[in-house]
Amino acid sequence: MYLNIEEPTERISTDAVKVWRISNSLGHLLALIIIAILGFFSNMFGWFDWINIVLYIIGGLAILSAVFSIVIEPIYLQRTWRYQIDQQFVQLKHGKWQVKHTLIPMEKVEYVRSEQGPLMRMFNLYKIEIGTTTSNHVIPGIPSEEAKLLKAQIATYAKIQDSDLVEGETGA
Amino acid sequence: MTDDLKKYHPAIIIVDLVSFVKGILWPFLFLFVIKASSTAIWVTWGRYILFIITIWSICSFILKWYFYRYEIVGDSIVVHEGVFVKKQRTVALDRIHNQKSNTTFVHKWFGLTSLTLETGTSGENATFHFPVITEVEKERILLHLEQKQDTFEDVAGEVIEKSPERTIHFRSTKKDLIKASFTSFSFLAIFPILTAMYFNLDDFFQIEKTAKNALDYLLGNDWMLIVILVIALALSVLIGFIQTSIKYGNYVISDDMERIYIDKGVGKFVSFSIQKHKVQGVIVEQTILKRLLGLASIKLISAGGSKEEDEEISSLYPFMPKQEAYRVLQTILPNYLIEEEMKRFPIKVLWLKLLHPYYVTILVIIGLMIFKKEWLWVAAIVLGLSAIFRILDYWFTSYIRHGNTVQIRKGGLTNETFVTHRERIQQITVKHSWLQRKFGVATLKFTNKSKPLHVSELYGVSKEEASSFYTWYNTPTK
């Protein structure tokens, strides 16, 4: 452990890997098809040479990115994602090479919502979105029962804490 | 605490009309004066359209005055808007973070003023604007506001002795104004004004030819040129001074137990007030020039700010001597203590910063390789500059945390010191990349409520400090 802190412990579902793999595959496939069509037209109508070169470069990058985001990335994302909810804070952590810890006080949470796409429905997963006044955060890939519970829990905690800060500050 | 629906003062029609005339002046001049003899179709149509717009606007101003209403009901203000589509907006008084009032020349003629209440939210309902109200009415609304917010405080269990008098902490003098007009370079403002005038007139008259003749004449007579330059310079200094006076003249900073008040302006008055406990943080800003002259500007970060042109208003007088600025801040917000002595990060952070890829340089190299190979030496200059900026960035970055307070300083050409408290931070992120782990450091990032959001990011904090920062924020308050 690099930082000497209390890290969050809850993991996300292993099915998230499959969801990411499928959706990233579809996305990249679509991108490659579009590039291929453009390349086809470029050859057929004799567009400028540099267009072909650019298309090859983009295509190459797309293939590299496909390998990374279909084969490698989902496993690491799933393995490194941690979250934890308690009365006071939402804690999130993810990433392997670039590790990111986020800490949101419950009293700043404005809304919580769950979302499920068609792919996620296949695996019975939800993602939870936590919104604050300043930004929003998504916890991906949570099994449906757990997601409902989590959502209710965040909502309850956040409501308990809902008060405008008026006490004045304790200061330096 | 209920009272009736109030209409705006009829002068609202005139205020709207004046701003409308301001907007329509140029098209009007163009269509009716400059193109007076033209019979082109688009000119004729343009005149009709202008005419219709004018009639429509005048009608809508009158209807607006007739239909728009506002009222104070219990703890909230309700605004009724719309002529055909009716709209009601409500805001709870305790949601209002700060208020501004703006008295233009037109307002002054009628002895009126305007008032804007700003809430902490964004979007359509973020601000409540009363374009034209009497001073008495403004005081009445503000009284409601203060009462409401006071009782709210009392409920929160705090005994606050009310002191109705304000203490004045700063009043700008002529000397301050002269300093300000030079530091803000406002004496250079004459150049954009002249150019704008030149191009605007040039569209209509052929002044380029006349100007050329005049220029030829001038170039022939050296002394004449010098005299004109001196006159122009004197004039521009004068104009700069007048501009600064209008903007920063009569600057008064005062406070009472509850609020901070900033009033300013000559001719056109602007005033601003914020509750002390709604200040989200304080920024001390120093440009190179201000650093040389020992001046500093202190800004109060608040959630209710709007992106309008009057951004300057939330700052304490921007050209105050640094020590005095600190003194004023100390008296009005004793919680925001600015620590002058700050430690730089260890030198290894500099190496780490220098080690990062030089993307701009790489892009420049690629660009030059393709388009202009013989200019490749430019890349070396770009590389040098980016290295210098990184060194400056390292040199001026520092961080300090004590008790409840975090203070960070960042800089280079402009130095910025930001102070905030734990309760004011909306969320934090601590992150570290592979390279940072090799150096034993991490990045801190925290967000404060403001408009736009105030995000502070600090690269190169030691991992021990990053851990204790995280734990510090993670400790429950209650």
Side-chain angles (χ1 to χ4, degrees), chain A residues 1-9 49-50 53-54 57 76 80 82-111 130-138 157-158 160-172, chain B residues 94-95 120-122 149 152-153 155-158 160 275-278 303 334-337 339 402-405 419 421-437 440 442-443 445 447-450 453-455 463-464 466-471 473-478:
Chain A
M1 207 161 59
Y2 181 66
L3 293 177
N4 182 23
I5 53 176
E6 263 178 63
E7 294 202 346
T9 48
D49 277 347
W50 64 265
I53 297 173
V54 168
I57 293 174
Y76 280 114
T80 55
R82 298 280 189 288
Y83 68 89
Q84 194 167 326
I85 274 95
D86 59 35
Q87 294 239 354
Q88 303 280 347
F89 288 98
V90 177
Q91 276 189 82
L92 310 171
K93 180 205 166 197
H94 60 95
K96 175 151 177 74
W97 294 280
Q98 159 100 294
V99 184
K100 229 172 144 174
H101 300 267
T102 305
L103 197 53
I104 310 151
M106 267 305 170
E107 62 200 11
K108 315 284 195 228
V109 173
E110 298 267 296
Y111 68 89
I130 300 165
T132 67
T133 40
T134 51
S135 60
N136 51 6
H137 305 269
V138 173
Y157 289 156
I160 291 169
Q161 299 289 335
D162 181 29
S163 68
D164 231 1
L165 184 72
V166 287
E167 301 83 21
E169 281 156 69
T170 23
Chain B
D94 55 28
R95 290 287 164 195
T121 52
S122 53
Q149 285 172 340
F152 200 55
E153 295 264 319
V155 168
E158 206 150 312
I160 291 168
Q275 278 176 287
K276 284 184 180 178
H277 71 73
K278 287 200 166 143
N335 288 336
Y336 288 91
L337 192 71
E339 200 77 45
H402 49 87
N404 219 6
T405 312
V419 188
H421 292 158
R422 187 181 169 280
E423 294 87 350
R424 300 299 179 202
I425 297 174
Q426 299 294 306
Q427 68 182 54
I428 65 159
T429 301
V430 177
K431 56 187 179 187
H432 40 87
S433 63
W434 177 83
L435 195 63
Q436 280 178 313
R437 282 195 288 277
T443 300
K445 195 171 151 189
T447 318
N448 281 75
K449 244 194 214 171
S450 168
L453 221 66
H454 192 273
V455 181
K463 67 174 184 182
E464 290 78 22
S467 316
S468 65
F469 180 78
Y470 190 90
T471 320
Y473 193 66
N474 200 356
T475 319
T477 21
K478 284 157 198 170

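Letters go in sequence order (proteins before strands), and every chain restarts at 1. Every heavy atom of this structure was used, including side-chain atoms; hydrogens, water molecules and symmetry mates were not. What you see is a predicted model, and the numbers here were worked out from it, not measured in a lab.
- Contacts between A:K96 and chain B at a heavy-atom distance below 4.5 Å involve the backbone alone (N, CA, C, O).
- Ranked by heavy-atom pairs under 4.5 Å with chain A, the list B:K463, B:Q436, B:E464 is led by B:K463.
- Using a 4.5 Å cut-off between heavy atoms, B:I425 touches chain A through its backbone atoms (N, CA, C, O) alone.
- Without hydrogens or angle criteria, A:H137 side chain to A:T102 main chain gives no donor-acceptor distance under 3.5 Å.
- With a 4.5 angstrom heavy-atom cutoff, B:I428 touches chain A via backbone and side-chain atoms both.
- Residues A:Y157 and A:V90 have side chains not in contact (no heavy-atom distance under 4.5 Å, counting atoms from C-beta outward).
- Between B:E423 and A:K108, the shortest heavy-atom distance links the atoms O-NZ, 3.2 Å.
- Side-chain atoms of B:N448 come within 3.5 Å of backbone N or O of B:R424 as a donor-acceptor pair.
- When the candidates A:V99, A:N4, A:I5, A:L3 are compared by the number of heavy-atom contacts under 4.5 Å with chain B, A:V99 comes out ahead.
- Taking the six-membered ring wherever Trp is involved, the centroid distance between the rings of A:Y83 and A:H94 does not fall below 6.0 Å.
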